[in-house]
Amino acid sequence: MSVDMSKHFSTSTLIRFTLPTIAMMIFTSCYTIVDGFFVSNYAGKTALAAVNLIFPAVMILASVGMMIGTGGSALVAKTLGEGDRPRARRHFSLLIIFAFVVGSVLSLGGWFFMEPTATMLGATPGSQMHHDAALYGRMMMISLPFFILQYAFQSFFVTAGKPKYGFLVIVAAGVANILLDFLFVGVFGWGLPGAALATNIGELIGGGIPLVYFARKRSTHLYFVRPHLRWPVIGHACANGSSEMVTNIAMSLVGILYNWQLLRFIGEDGVAAYGVLMYVGFIFAAVFIGYAQGCAPVVSYHYGADNTDELKNLLRISLRVIAVGGVAMLCFSELLAAPLSRFFVGYDAELLELTTLGMKLYSLSFLLCGFNIFGSAFFTALNNGIVSAVISFLRTLVFQVTAILVLPHLLGMNGIWLSVVAAEIAALFVNAFFLAKNRKKYQY
């Protein structure tokens, strides 16, 4: 049964509506986390460092799916709010085809350039770490088009009023990845290639099942139809979703910079420790990203319907939910820093101590990041991709790059872990500025 986005949302109903999207994001994050656990415990910390080194490059390519999904779903939801369902279906069909074509091109290019990429990211040619990084990266290219589709469909399931279906798809993909990791790595002993193959199959499920679902005519108010090739539609969706792509790319570039600084200050152990921090960060950030993406189609719908009262209501509820969620996540992360670190790297006492300290400092960012993630997504939902992109660009690239380059010289190793906290503080002021400046324009 489809969810009616035109209704009034209370705090409880909005949370229930966004829960499937939050769960989708968490299960998507599980791919790398599960790989990291099995690789670390069965293949060793060099293989773990290799995965963490190359993964940002993979995510830069996969960010196309997030751009098309968030920007496209905002456009489609706005069109639905205007009452033009046939045009919304044509836009949807065109954007999915575009996502698959672009994903296929990027997959082919990534395969051939993975070894130079591993070298550029800091792995010494001929080393075991270089070999492992290039191997894992190439195997990720096999399923990249479906990984991109999976990202895109996460947003479109919500726009279609079927967030629970999207959740079930991601659960199926996530469970398959976990079970196959256990089988390929834990039982068969295939090591790094086994972990990559398990992820490939999970991504094929996550991107392939929605293709079948939306091919069923009238399974929802969104389904595949014969599209019209309209470059302005593609351009508008990409421009509007560029902030989410900028966020993903910037996070990946910052991850590369973190690895570079850690190799300089600490060495291979630093890269492995940072990878564990990212695994925990993926889960916590996924909650905020899922909430923001779950809200976005509702915001777009009411913006298209010119319902300013409901826009105000959605913003007020969201700020309260994010504030409570940020405090809860900070408390959980501080309490669980040692157990979570032990889960991944308990076999190495020195690495365990390094990871635990880093997590306790890094987790301070969870108190603030939800506001910044939601602020960017809110403007994307209002079809204001420029403001959204500026917020994302400053938060995830400019502020973090500045912090990671400056703070280690002032605070030493702790400056690396606190860089993200400094960036979130600066981004919070930028978000507040744009929300205040545009309040009259959108009447929220």
Side-chain angles (χ1 to χ4, degrees), residues 31-62 103 106-147 177 180-204 251-279 282 344-348 350-351 354-355:
Y31 291 146
T32 307
I33 294 170
V34 172
D35 277 1
F37 169 77
F38 281 99
V39 168
S40 179
N41 285 276
Y42 289 91
K45 63 183 182 181
T46 297
L48 174 64
V51 171
N52 296 332
L53 187 76
I54 204 67
F55 187 69
V58 176
M59 288 305 298
I60 287 176
L61 301 181
L106 292 176
S107 173
L108 187 62
W111 176 276
F112 286 105
F113 287 98
M114 200 53 66
E115 283 194 6
T117 300
T119 303
M120 181 183 67
L121 296 180
T124 303
S127 67
Q128 185 64 40
M129 185 176 177
H130 185 276
H131 172 270
D132 288 349
L135 173 63
Y136 187 83
R138 275 184 170 165
M139 291 193 70
M140 289 299 95
M141 294 301 99
I142 296 173
S143 56
L144 181 66
F146 288 89
F147 192 29
N177 185 44
L180 292 174
D181 260 322
F182 172 76
L183 183 64
F184 295 163
V185 183
V187 178
F188 294 165
W190 291 353
L192 193 66
L197 181 59
T199 301
N200 289 153
I201 296 173
E203 291 172 356
L204 287 170
M251 288 173 62
S252 298
L253 291 175
V254 168
I256 291 169
L257 183 57
Y258 266 100
N259 288 331
W260 180 70
Q261 286 284 62
L262 287 163
L263 284 171
R264 288 179 60 212
F265 278 84
I266 306 172
E268 193 175 286
D269 277 6
V271 178
Y274 178 66
V276 176
L277 266 63
M278 289 300 95
Y279 298 151
F282 285 154
F344 286 97
V345 294
Y347 55 84
D348 188 310
E350 186 176 345
L351 181 55
L354 176 66
T355 305

Enquirer: Grab the two heavy atoms, one from G194 and one from D181, that are nearest each other, plus how far apart they are.
Expert: O-OD1, 4.4 Å
Enquirer: Which atom names give the shortest non-hydrogen contact between A273 and T355, and what distance separates them?
Expert: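 Between these two residues, the closest heavy atoms are CB-OG1, 3.4 Å.
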Enquirer: Run the side chain to side chain donor-acceptor pair (under 3.5 Å) test on N52 and Y136 for me, step by step, so that the C-alpha distance in whole Å, both residues' side-chain angles and the decisive distance to 0.1 Å come before the verdict.
Expert: CA-CA 10 Å; N52 296 332; Y136 187 83; over 6 Å; no
Enquirer: In the structure I gave you, are the side-chain heavy atoms of F147 and M59 within less than 4.5 Å of one another anywhere?
Expert: yes
Enquirer: Hey, does the side chain of D132 reach the backbone of V51 with a donor-acceptor pair shorter than 3.5 angstrom?
Expert: no
Enquirer: Under a 3.5 Å distance rule, please check whether S107 uses its side chain to pair with a backbone N or O of G103 as donor and acceptor.
Expert: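 Looks like no, no N/O pair under 3.5 Å.
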Enquirer: Any chance you could measure L48, atom CG, to D348, atom CG, to the nearest 0.5 Å?
Expert: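 Answer for the CG-CG pair, L48 versus D348, is 11.0 Å.
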Enquirer: If I compare all heavy atoms of P116 with all of F112, which pair ends up nearest, and what's the gap?
Expert: CD-O, 4.4 Å
Enquirer: Measuring from E115:CD to I54:CD1, what's the distance to the nearest 0.5 Å?
Expert: 10.0 Å
Enquirer: Do Y347 and S40 touch side chain to side chain, with heavy atoms closer than 4.5 Å?
Expert: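 Yes - at least one pair of side-chain heavy atoms lies under 4.5 Å apart.
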Enquirer: What is the minimum heavy-atom distance between A195 and V39, and which atoms define it?
Expert: CB-CG2, 3.8 Å
Enquirer: So do the side chains of L61 and M141 get within less than 4.5 Å of each other, counting heavy atoms only?
Expert: yes
Enquirer: Do the non-hydrogen side-chain atoms of L180 and L197 ever get within less than 4.5 Å of each other?
Expert: no
Enquirer: Tell me, with the steps shown, if L257 and L253 meet side chain to side chain contact (heavy atoms under 4.5 Å, CB included).
Expert: CA-CA 6 Å; L257 183 57; L253 291 175; over 6 Å; no
Enquirer: Could you tell me which non-hydrogen atom of G191 sits nearest to which non-hydrogen atom of V185, and how far apart they are?
Expert: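 Looking at all heavy atoms of both residues, the closest pair is O-CG2, 3.5 Å.
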Enquirer: Does S127 use its side chain to pair, donor to acceptor, with the backbone of A123 at less than 3.5 Å?
Expert: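 Side chain of S127 to backbone of A123, a donor-acceptor pair under 3.5 Å: no, none is there.
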Enquirer: To the closest 0.5 Å, what do you measure between OG1 (T119) and CE (M114)?
Expert: 11.5 Å
Enquirer: With a 4.5 Å cut-off on side-chain heavy atoms, are T124 and H130 touching?
Expert: no
Enquirer: CG of N177 to CD1 of I201: how many Å apart, nearest 0.5 Å?
Expert: 9.0 Å
Enquirer: Are more than 12 heavy atoms from other residues, nucleotides or ligands located less than 6.0 Å from atom CZ of F188?
Expert: yes
Enquirer: Rounded to the nearest 0.5 Å, how far apart are CG of L53 and CH2 of W260?
Expert: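 Reported value, rounded in 0.5 Å steps: 14.0 Å.
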Enquirer: So which atom in G270 and which in I266 form the shortest heavy-atom distance, rounded to 0.1 Å?
Expert: N-CG2, 3.8 Å
Enquirer: Taking C-beta and beyond as the side chain, do V345 and K45 meet within less than 4.5 Å on heavy atoms?
Expert: no
Enquirer: One pair to check against side chain to side chain contact (heavy atoms under 4.5 Å, CB included): Y274 and N259. What are the steps and the verdict?
Expert: CA-CA 8 Å; Y274 178 66; N259 288 331; 3.5 Å; yes
Enquirer: Per the ring-ring contact (aromatic ring centres under 6.0 Å, His included) rule, which among F182, F184, Y42 passes with W190?
Expert: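 For W190, the ring-ring contact (aromatic ring centres under 6.0 Å, His included) check succeeds only for F184.
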Enquirer: Within this structure, what is the CG-CH2 distance for the pair L106 and W111, rounded to the nearest 0.5 Å?
Expert: 15.5 Å
Enquirer: After noting the C-alpha distance and the side-chain angles of N200 and M139, does the key distance pass the side chain to side chain contact (heavy atoms under 4.5 Å, CB included) rule?
Expert: CA-CA 8 Å; N200 289 153; M139 291 193 70; 4.1 Å; yes
Enquirer: Do M140 and L144 have side-chain heavy atoms sitting under 4.5 Å apart?
Expert: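 No, side chains not in contact.
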Enquirer: Are side-chain heavy atoms of T199 and S143 found at a separation under 4.5 Å?
Expert: no
